[in-house]
Amino acid sequence: MKVAVFSSKPYDREALESANRGRHQLVFFEDRLRAETVGLLEGFAAACLFVHDEADATVLEACARHGVGLIALRCAGHNNVDLPTARTLGIRVVRVPEYSPHGVAEFAVGMLLTLNRKYHRAYQRTRDFNFSLDGLRGFDLAGKTAGVAGTGKIGAIVARILLAFGCRVLACDPFPRADLEAAGVEYRAWEDLLGAVDLLTLHCPLTPETHHLLRRESFARLRDGVVLANTSRGGLIETSALLEALRQGRLGAVGLDVYEEEEGVFFEDLSQSLLSNDELRILVSYPNVLVTSHQGFFTAEALREIADCTLGSLDAYAEGRELALAVA
Ligand code: NAI
């Protein structure tokens with residue numbers, strides 16, 4: 001089967017080719033799929049996409065015209081695909097529901113530790129032979145209250161790690177988990193959780209309900225000095241409200257592995273050009289903000305799992321078998 005792989009980097013190519021072993025004809029494009037590039041799909045049976053590809057209604061209609069019957073997402077989130085339109089057009093959509101949730105959870109906890117104890121700033125300083133500790137003070141995690149929004153595969157691991165650090169863990173999720181409650185996690189309504197935490201980490205999907213989960217009113221509820229990490233989806237945080245809270249000096253530190261307008265920026269080397277997004281430039285310039293480039297998933301295990309799962313779905317589709325990982 002002829003498959004167009006969009007947004008592909010050398011590491012994607014290596015992992016997918018190794019899992020493919022010549023079964024399908026994989027054609028790699030560095031471009032993102034969007035209205036301007038959908039013409040590349042002429043003659044392909046399937047498109048393989050990642051987080052920044054845009055499969056909205058216009059793009060999907062063009063996919064259908066080109067004869068594309070399958071969208072294979074190399075990620076868990078499917079907020080970038082218009083699923084109702086895909087269903088109407090008869091385009092099947094598969095995803096990789098889980099690829100090293102440990103990798104993302106460990107990254108999120110690493111981010112909280114870094115923000116609190118300021119490893120990133122210490123690294124910069126000592127390279128300049130500045131061995132002063134001024135401004136590097138953190139706090140013990142043991143005994144502090146951590147909030148986990150979304151206790152699915154990733155959030156559950158984060159909650160258990162934070163419990164092991166000696167934190168009190170408050171969580172919110174429409175589907176509380178008995179195993180986590182038994183381990184000591186206390187579920188709260190989102191509004192109640194906000195005012196009770198010292199650390200906050202986001203692990204819910206981006207949906208119409210979670211869009212701007214953290215907005216002006218939510219920041220107003222937070223205690224002063226909270227350390228916040230978002231490794232989920234940028235749209236969970238209203239960027240202008242985040243900047244306002246930072247300007248007011250009300251947030252302790254913020255880690256963003258995802259950003260509302262990361263498409264076309266994250267995963268790219270823009271070091272030779274001027275970053276046109278002013279809000280992102282301001283965020284990067286704050287000493288108590290750490291921006292990483294949607295890196296949480298990026299482990300050897302995850303790349304292997306993504307490739308194996310994707311090839312499994314391509315095989316199933318090509319052979320007319322049931323698509324176990326279908327979301328449409
Ligand atoms: P999951 O589907 O296992 O868990 C998501 C949880 O969020 C579910 O328990 C769900 O009930 C809960 N949830 C839904 N709406 C909520 C709300 N309004 N408030 C609180 N909880 C809510 O997903 P998983 O695998 O844990 O991944 C979480 C998210 O992490 C993904 O949706 C994706 O956006 C992001 N992600 C980021 C990566 C990165 O590289 N930074 C890599 C992989 C995933």
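It should be emphasised that the depicted structure is a prediction, and the values quoted were computed from it without experimental measurement. Both ligands and their constituent atoms are indexed starting at 1 by order of listing.
The shell of residues lying under 4.0 angstrom from ligand 1, judged by heavy atoms, excludes Pro101. The closest approach between Leu206 and ligand 1 stays at or above 4.0 Å for every heavy atom of the residue.
Which parts of ligand 1 touch Val104 is read off a 4.0 Å heavy-atom cut-off, strictly below it: atoms 42 (C), 43 (C). Proximity to Cys204 (heavy-atom distance under 4.0 Å) selects the following atoms of ligand 1: 7 (O), 13 (N), 16 (C), 21 (N), 22 (C). Near Cys172, meaning under 4.0 Å from one of its heavy atoms, ligand 1 places the atoms 20 (C), 21 (N). Which parts of ligand 1 touch Phe297 is read off a 4.0 Å heavy-atom cut-off, strictly below it: atoms 39 (C), 40 (O), 42 (C). Listed by number with element, the atoms of ligand 1 under 4.0 angstrom from any heavy atom of Gly296 are 40 (O). Of all the atoms in ligand 1, the ones that sit under 4.0 Å from a non-hydrogen atom of Phe175 are 11 (O).
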query = Which is it for Phe298 and Phe107 under the ring-ring contact (aromatic ring centres under 6.0 Å, His included) test, yes or no, and what are the steps along the way?
reply = CA-CA 9 Å; Phe298 199 51; Phe107 189 86; over 10 Å; no
From CA spacing to verdict: salt bridge (Lys or Arg N to Asp or Glu O under 4.0 Å), Arg168, Glu186 = CA-CA 8 Å; Arg168 177 181 181 213; Glu186 304 165 47; 2.9 Å; yes
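Under the 3.5 Å distance criterion, the side-chain polar atoms of Thr210 are matched with a main-chain donor or acceptor of Pro205. In this structure, the side chain of Trp190 does not engage the main chain of Leu214 through any donor-acceptor pair within 3.5 Å. Of the possible donor and acceptor atoms, one in the side chain of Arg32 sits under 3.5 Å from a partner among the backbone N and O of His52. Between the Lys118 side chain and the Arg137 main chain, a donor and an acceptor come within less than 3.5 Å of each other. Between the side chain of Asp257 and the backbone N or O of Thr231 there is no donor-acceptor pair closer than 3.5 Å.
Counting only heavy atoms of the protein, atom 2 (O) of ligand 1 lies nearest to Lys153 NZ, 4.1 Å. For atom 43 (C) of ligand 1, the nearest protein heavy atom (residue, atom name, distance) is Tyr99 OH, 3.6 Å. Of the protein's heavy atoms, Asp173 OD1, 2.6 Å lies nearest to atom 11 (O) of ligand 1. Ranking the protein heavy atoms by distance from atom 15 (N) of ligand 1 puts Thr210 CG2, 3.8 Å first. The nearest protein atom to atom 4 (O) of ligand 1, hydrogens excluded, is given as Gly152 CA, 3.1 Å; this is a heavy-atom distance. Scanning the protein heavy atoms around atom 16 (C) of ligand 1, the nearest turns out to be Pro174 CD, 3.6 Å. The closest protein non-hydrogen atom to atom 44 (C) of ligand 1 is Ile154 CD1, 3.7 Å. Scanning all protein heavy atoms for the shortest distance to atom 30 (O) of ligand 1 gives Ser232 OG, 3.6 Å.
In this structure, of His203, Glu209, Gln295, the residue bringing a heavy atom nearest to atom 28 (C) of ligand 1 is His203.
Residues Glu268 and Lys9 are paired through a salt bridge, judged by an N-O separation under 4.0 Å between the basic side chain and the carboxylate.
Residue contacts with ligand 1 for Pro205 involve both N, CA, C or O and side-chain atoms from C-beta outward (heavy atoms, distance under 4.0 Å). For Phe107, no heavy-atom contact with ligand 1 is shorter than 4.0 Å.
Looking at Thr231 next to ligand 1, an N or O pair under 3.5 Å apart turns up. Checked by distance only, ligand 1 and Arg233 come closer than 3.5 Å through their nitrogen or oxygen atoms.
Cluster annotation: Val27 and Val59 are assigned to the same hydrophobic cluster (Ile/Leu/Val/Met/Phe/Trp/Tyr, side-chain heavy-atom contacts under 4.5 Å, transitive).
Closest non-hydrogen pair, Ala156 versus Arg177, comes out as CB-NH1, 3.4 Å. Closest approach of Val291 to Leu280, counting heavy atoms only: CG1-CD1, 4.3 Å.
Between Phe50 and His294, the ring planes are tilted. Angles from 30° to 60° get that label.
Summarising the geometry, atom CG belonging to Leu162 is positioned 11.0 Å from atom OG1 belonging to Thr145; distances are rounded to the nearest 0.5 Å.
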